[in-house]
Amino acid sequence: MMVGGLSTKLLNICIASFCKVRLLEKAEAIVIDGIRLGLIPDVVTYNTLVSAYSRFVSLDAAYSVIHRMKEAGISPNVITYNSLMSGATQNCLLSRSLDLFEEMLLAGVHPNLWSYNILMHCFFKLGKPDEANKVFQDILLSNLTPHPATLNIMINGLCNNGYIDNALMLYRNLQRHGFVPQLVTYNILINWLCKTRRLRQARRILKELGESGHEPSLITYTTVMKCCFRSNKYDKGLQIMSVMMGKGYTFDGYAYCTVVAALVKTGRIEEANACMEQTIRNGVELDLVAYNTLLNMYCREGKFEAAYKLLDEMENGGLLFDKYTHTIIIDGLCKAGNISGAQKHLHYMKMMGFHENLVALNCMIDGLCKAGQIDRAMELYKSMETKDSFTYTSLVHNLCKAGRFRLASKLMMKCLRHGKKIPKATQRAVFDGLYSSGFTDEARKLWWKIRVARILH
DNA sequence: TTAGGGTTAG
């Protein structure tokens, strides 16, 4: 429909641009203005709104648009359902997403390739790679031609479910059948190979990316930089950051958080502060992860007033604290020696539904030990359902410092028998402690037990 | 539509 040179198509472009930047109220205002001018919203108008509401607000809000759509005599089509499914999948409402697929079939709407792609993604997120693979096989057997994104979802989903070798095999097979990897494909593989410490293979894929003619993106660099930090190669990681800056990449929240977290971890707080200021100057909108990074920086600096102010800011902005937020607060308080504050927050965290936050409990154990309250740390340890090598290392190390070598030895063996690692330095401290305290027989036995555990695990 | 970021011990 055209009114004085304006058309619904043009109106839809305006609405889509507001939706893209989450300005849904403005998008709705444009719809109303359009109607006043005689421009009738069409299926594209409604689908654009459904997509934005299901991604950024809620499925209920998206359904209210569908209700308006139906009232206007327009039936939801495959794009409407795909938008709902995509929003549900992105927001981890996975069973809702599967229900929507059924609902689409019941409504007599035929799924298209995009519907199957979302369905595959959803199954992978649910940890059901076999189901996802069935969908993929159905696509191959049907008359639908897979989109490169279909293959990327498959490769990433396999990696995400622990099937990296299968993903690599699929990648090679597809290449033999003429598939030209996209930059995204390379980034997916590099990321998972880095995460699983298969660095030789990661380098190979990185080399293939270089030979492909694609220019590595900000995402590629962030992935490699993070990989360096993960391997404690901080200087190399920071060198990559300099290369990125030299190449003129504009850092986004992901890149900044990676750098700030590494600087904080290595105690380079001033540089971290400068980096964070640059982030804010660049207009990067802070999300939950960025807030947590900033919070950790304040806690490490001992700036608790600023930290609490930040927590208020997060709450006022409608951000819900997650397990990272709670852990950072508890660890920060412990490291500042405020054990009772940390315990109060631990209690609050549990009330908020985070009962088994292993990392937070480990921080509490370490905090109690360092405050000289090892028996209370042991009580907490006994009450925990799961423990990891951090739990044991903290306890064993601090028991040694307190001269309680026999208990340290007992705990350490329990840890090693469960196949969990204990740093060599901690093992040595237990052994030396037993020996120098006169428990020479026990020390010798421990040495053999460590060797046996090493062979068995 | 698909890819990158945040927490703990030694």
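Protein chains get the first letters and strands the later ones, always in sequence-line order, with residue 1 at the start of each.
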Legend entry - Listed nucleotide nearest any side-chain atom of A:Gln90, set B:dG5, B:dT7, B:dT2: B:dT2
Inset, instruction - Would you jot down, in residue-number order, the residues of residues 117-124 of chain A having a non-hydrogen atom under 4.0 Å from DNA chain B? - result: A:Asn117, A:His121
Inset, instruction - Assign A:Lys335 to base, sugar-phosphate, or nothing according to its heavy-atom contacts below 4.0 angstrom with the strands shown. - result: sugar-phosphate
Inset, instruction - Within residues 148-167 of chain A, find the residues that approach DNA chain B with a heavy atom at under 4.0 Å, and present them sorted by residue number. - result: A:Ala149, A:Asn152, A:Ile153, A:Asn156
Inset, instruction - Would you indicate what A:Arg428 reaches in the nucleic acid, counting non-hydrogen atoms under 4.0 angstrom: base, sugar-phosphate, or nothing? - result: nothing
Inset, instruction - May I ask you to evaluate whether A:Arg230 reaches the phosphate of B:dG5, defined as a side-chain N or O under 4.0 Å from OP1 or OP2? - result: yes
Inset, instruction - Would you tell me whether A:Arg204 and A:Gln201 have side-chain atoms, one donor and one acceptor, within less than 3.5 Å of each other? - result: no
Inset, instruction - Looking only at side-chain atoms of A:Cys363, point me to the closest of B:dG4, B:dT2, B:dT8. - result: B:dT8
Legend entry - Residues that A:Ala132 engages under side-chain contact (heavy atoms from CB on, under 4.5 Å), provided they are two or more places apart: A:Phe123, A:Phe124
Inset, instruction - Determine: side-chain N/O of A:Lys265 to OP1/OP2 of B:dT7, distance under 4.0 Å, yes or no. - result: no
Give every donor-acceptor pair under 3.5 Å between a side-chain atom in residues 280-290 of chain A and any protein atom, sequence neighbours left out.
residue: A:Arg281; atom: NH2; partner: A:Gln278; partner atom: OE1; Å: 2.8
residue: A:Asn282; atom: OD1; partner: A:Gln278; partner atom: NE2; Å: 3.1
residue: A:Asn282; atom: ND2; partner: A:Tyr256; partner atom: OH; Å: 2.8
residue: A:Asp287; atom: OD1; partner: A:Val289; partner atom: N; Å: 3.3
residue: A:Asp287; atom: OD1; partner: A:Ala290; partner atom: N; Å: 3.0

Legend entry - Listed partners of A:Phe229 passing ring pair (Phe, Tyr, Trp, His ring centres under 6.0 Å), at least two apart: A:Tyr234
Legend entry - Donor + acceptor pair across side chains of A:Thr48, A:Asn12 (<3.5 Å): no
Legend entry - A:Asn161 side-chain N/O to A:Gly157 backbone N/O, donor-acceptor pair under 3.5 Å: yes
Inset, instruction - Give one of base, sugar-phosphate or nothing for A:Leu218, where a contact means two heavy atoms less than 4.0 Å apart. - result: base
Inset, instruction - Grab the OH-C1' distance between A:Tyr116 and B:dT2 for me, whole Å please. - result: 19 Å
Inset, instruction - Please list all pairs passing the ring-ring contact (aromatic ring centres under 6.0 Å, His included) test where one or both residues lie in residues 362-388 of chain A, with sequence neighbours left out. - result: A:Tyr381-A:Tyr392
Legend entry - Proximity to the side chain of A:Asp331 - top-ranked nucleotide from B:dT8, B:dA3, B:dA9: B:dT8
Name each donor-acceptor pair under 3.5 Å that joins a side chain in residues 86-95 of chain A to protein atoms two or more places apart or in another chain, with its distance.
residue: A:Thr89; atom: OG1; partner: A:Met85; partner atom: O; Å: 2.8
residue: A:Thr89; atom: OG1; partner: A:Ser97; partner atom: OG; Å: 2.9
residue: A:Gln90; atom: OE1; partner: A:Arg55; partner atom: NE; Å: 3.3
residue: A:Asn91; atom: ND2; partner: A:Ser54; partner atom: O; Å: 3.0
residue: A:Asn91; atom: ND2; partner: A:Arg55; partner atom: O; Å: 3.2
residue: A:Asn91; atom: ND2; partner: A:Gly87; partner atom: O; Å: 3.0

Legend entry - Rounded distance (Å) that lies between atom C1' of B:dG10 and atom CE of A:Met412: 13 Å
Inset, instruction - Please state whether the phosphate of B:dA9, meaning OP1 or OP2, lies under 4.0 angstrom from any side-chain nitrogen or oxygen of A:Lys401. - result: no
Inset, instruction - Could you tell me whether A:Ser86 contacts a base, only the sugar-phosphate backbone, or nothing, with contacts defined as non-hydrogen atoms closer than 4.0 Å? - result: nothing
Inset, instruction - With a 4.0 Å heavy-atom cut-off, tell me which residues in residues 383-400 of chain A come close to DNA chain B, sorted by residue number. - result: A:Phe390, A:Thr393, A:Ser394, A:His397
Table please: side-chain donor-acceptor pairs of residues 337-349 of chain A below 3.5 Å, with sequence neighbours left out.
residue: A:Asn338; atom: OD1; partner: A:Gly341; partner atom: N; Å: 2.8
residue: A:Gln343; atom: OE1; partner: A:Arg376; partner atom: NH2; Å: 2.9
residue: A:His345; atom: NE2; partner: A:His326; partner atom: ND1; Å: 2.9

Legend entry - Given B:dT2, B:dG10, B:dA3, the nucleotide with the shortest approach to the side chain of A:Pro423: B:dG10
Legend entry - Test item: A:His147 side-chain N/O and A:Ala149 main-chain N/O as donor-acceptor pair under 3.5 Å: yes
Inset, instruction - Nearest whole angstrom, please: distance from the P of B:dA3 to the OH of A:Tyr171. - result: 17 Å
Inset, instruction - For A:Asp252, report the nucleic acid contact type (base, sugar-phosphate, nothing); a contact means any heavy atom under 4.0 Å. - result: base
Inset, instruction - May I have the distance from A:Met85 (atom CE) to B:dT2 (atom C1'), rounded to whole angstrom? - result: 15 Å
Inset, instruction - Find the distance A:Asp432:CG to B:dG10:P and express it as a whole number of Å. - result: 18 Å
Inset, instruction - Would you classify A:Ala261 as touching base, sugar-phosphate or nothing, given that sugar-phosphate means primed atoms plus P, OP1 and OP2, and contacts are heavy atoms under 4.0 Å? - result: sugar-phosphate
Inset, instruction - Tell me which nucleotide among B:dA3, B:dG4, B:dT8 gets nearest to the side chain of A:Val184. - result: B:dA3
Inset, instruction - Not counting sequence neighbours, which residues clear ring pair (Phe, Tyr, Trp, His ring centres under 6.0 Å) with A:Tyr221? List them please. - result: A:Tyr249
Legend entry - Phosphate contact (B:dG10 OP1 or OP2) by A:Gln427 side-chain N/O below 4.0 Å: no
Legend entry - Residue list, side-chain contact (heavy atoms from CB on, under 4.5 Å) with A:Asp331, at least two apart or on another chain: A:Arg300, A:Lys335, A:Cys363
Inset, instruction - Could you tell me the separation between the CD1 atom of A:Ile365 and the C1' atom of B:dA9, rounded to a whole number of Å? - result: 11 Å
Inset, instruction - State whether the distance check finds a donor on one side and an acceptor on the other, under 3.5 Å, for side chain A:Thr258 versus base B:dG5. - result: no
Legend entry - Nucleotide B:dG4, atom P - distance to CG of A:Leu189 in whole Å: 12 Å
Inset, instruction - Round to the nearest Å and state the distance from A:Tyr254 atom OH to B:dA3 atom P. - result: 9 Å
Inset, instruction - Using only heavy-atom distances, determine whether the side chains of A:Ser83 and A:Asn47 contain a donor-acceptor pair under 3.5 Å. - result: no
Atom pairs and distances, side-chain donor-acceptor, residues 182-189 of chain A, under 3.5 Å, sequence neighbours left out:
residue: A:Gln182; atom: OE1; partner: A:Asn152; partner atom: ND2; Å: 2.6
residue: A:Thr185; atom: OG1; partner: A:Asn152; partner atom: OD1; Å: 2.7
residue: A:Thr185; atom: OG1; partner: A:Gln182; partner atom: N; Å: 2.9
residue: A:Thr185; atom: OG1; partner: A:Gln182; partner atom: O; Å: 3.2
residue: A:Asn187; atom: OD1; partner: A:Thr220; partner atom: OG1; Å: 2.8
residue: A:Asn187; atom: ND2; partner: A:Ser217; partner atom: OG; Å: 3.4

Inset, instruction - Give A:Ala290 one of three labels, base, sugar-phosphate or nothing, depending on what nucleic acid heavy atoms sit under 4.0 Å from its own. - result: base
Inset, instruction - Give A:Asp322 one of three labels, base, sugar-phosphate or nothing, depending on what nucleic acid heavy atoms sit under 4.0 Å from its own. - result: base
Inset, instruction - Verify the contact: side-chain N or O of A:Lys370 to OP1 or OP2 of B:dG10, cut-off strictly under 4.0 Å; return yes or no. - result: yes
